[in-house]
Amino acid sequence: QVQLVESGGGLVQAGGSLRLSCAASGRTFSRSAMGWFRQAPGKEREFVAAISGSGGSTYYADSVKGRFTVSRDHAKNTVYLQMNSLKPEDTAVYYCAARVATVAVTTSSMYAYWGQGTQVTVSS
């Protein structure tokens with residue numbers, strides 16, 4: 001069992017930065033691949049970034065590649081999403097998710113555990 005709690009969302013102007021954190025509890029966290037997803041009003045949830053259990057592999061949606069960075073700190077049981085050069089179209093509720101497996105994937109249905117989400121709003 002893994003429990004996930006996101007934090008770090010807020011209101012930022014276009015071009016600004018935010019860092020989201022996802023604190024995990026549960027003894028399997030160190031082996032769990034983690035993902036970040038987002039959902040804007042009226043839209044389906046979409047993949048943003050993912051990191052493997054070891055942290056050695058990362059994946060990004062094309063829309064955030066070069067602007068967002070996913071990382072993890074095993075000692076702190078925390079996954080981060082550093083978001084730079086934010087755009088109004090990045091506005092959404094951001095969710096972190098954990099897999100039972102170690103391999104990172106981009107498909108939301110393959111993640112077993114989800115956080116409650118944190119709102120990110122980017123003003124123009």
Side-chain angles (χ1 to χ4, degrees):
Q1 189 77 9
V2 176
Q3 291 80 41
L4 306 173
V5 178
E6 301 99 332
S7 61
L11 173 64
V12 64
Q13 288 187 331
S17 298
L18 283 174
R19 188 177 78 158
L20 305 184
S21 299
C22 175
S25 61
R27 58 187 178 90
T28 62
F29 171 77
S30 63
R31 299 189 295 275
S32 297
M34 303 293 293
W36 286 97
F37 294 80
R38 67 187 181 187
Q39 188 167 19
K43 295 187 177 181
E44 293 186 353
R45 189 172 298 186
E46 65 175 0
F47 168 75
V48 175
I51 187 167
S52 63
S54 68
S57 298
T58 56
Y59 303 91
Y60 298 93
D62 287 343
S63 59
V64 306
K65 201 170 294 182
R67 299 188 298 122
F68 291 11
T69 303
V70 60
S71 61
R72 66 190 301 163
D73 185 333
H74 285 98
K76 295 182 178 180
N77 281 351
T78 301
V79 174
Y80 304 97
L81 185 67
Q82 177 67 45
M83 305 186 295
N84 299 328
S85 302
L86 283 161
K87 304 175 181 180
E89 50 264 44
D90 294 319
T91 295
V93 177
Y94 283 71
Y95 300 89
C96 73
R99 296 196 70 202
V100 175
T102 61
V103 176
V105 296
T106 64
T107 306
S108 61
S109 61
M110 299 182 74
Y111 287 81
Y113 303 101
W114 291 81
Q116 82 289 350
T118 185
Q119 176 71 46
V120 171
T121 303
V122 184
S123 63
S124 57

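Everything quoted here is computed from the prediction, not taken from an experiment.
- Arg45 meets the side-chain hydrogen bond (donor to acceptor under 3.5 Å, both in side chains) test with no other residue; sequence neighbours excluded.
- The backbone N or O of Glu6 sits less than 3.5 Å from a side-chain atom of Gln116, completing a donor-acceptor pair.
- Counting only residues at least two apart or in different chains, ring pair (Phe, Tyr, Trp, His ring centres under 6.0 Å) contacts with residues 59-85 are absent.
- Partners of Ala61 by side-chain contact (heavy atoms from CB on, under 4.5 Å), not counting sequence neighbours, listed by chain and number: Phe47, Ser63, Val64.
- The closest side-chain heavy-atom distance from Arg38 to Lys43 is not below 4.5 Å.
- Sorted by first then second residue, the disulfide (SG to SG under 2.5 Å) pairs that include residues 42-75, not counting sequence neighbours, number zero.
- Evaluation of the side-chain hydrogen bond (donor to acceptor under 3.5 Å, both in side chains) rule for Gln3 yields Ser25 as partners, not counting sequence neighbours.
- The aromatic rings of Tyr111 and Phe37 sit perpendicular, their planes meeting at an angle over 60°, well past the 30° parallel limit.
- Residues Val93 and Thr118 fail the side-chain proximity criterion, which asks for heavy atoms closer than 4.5 Å.
- Applying the side-chain hydrogen bond (donor to acceptor under 3.5 Å, both in side chains) rule to Thr121 yields the partners Gln119; only residues at least two apart in sequence or on another chain are considered.
- Every side-chain contact (heavy atoms from CB on, under 4.5 Å) that Gln82 has, sequence neighbours left out, goes to Ser17, Arg19, Thr69, Asn84.
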Leu4/Met34 under side chain to side chain contact (heavy atoms under 4.5 Å, CB included): CA gap, chis, key distance, verdict: CA-CA 10 Å; Leu4 306 173; Met34 303 293 293; 3.8 Å; yes
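- With sequence neighbours excluded, no residue forms a ring-ring contact (aromatic ring centres under 6.0 Å, His included) with Tyr95.
- The backbone N or O of Val122 sits less than 3.5 Å from a side-chain atom of Thr91, completing a donor-acceptor pair.
- Within the structure, disulfide (SG to SG under 2.5 Å) contacts touching residues 86-124 (residues at least two apart or in different chains) are Cys22-Cys96.
- Under the rule for a side-chain hydrogen bond (donor to acceptor under 3.5 Å, both in side chains), the partners of Lys65 that lie at least two apart in sequence or sit in another chain are Asp62.
- Applying the disulfide (SG to SG under 2.5 Å) test to residues at least two apart or on different chains, none of the pairs has a partner in residues 31-69.
- With sequence neighbours excluded, the residues satisfying side-chain contact (heavy atoms from CB on, under 4.5 Å) with Ala101 are Arg99.
- Looking at Thr78, its side chain does come within 3.5 Å of a backbone N or O of Lys76 through a donor-acceptor pair.
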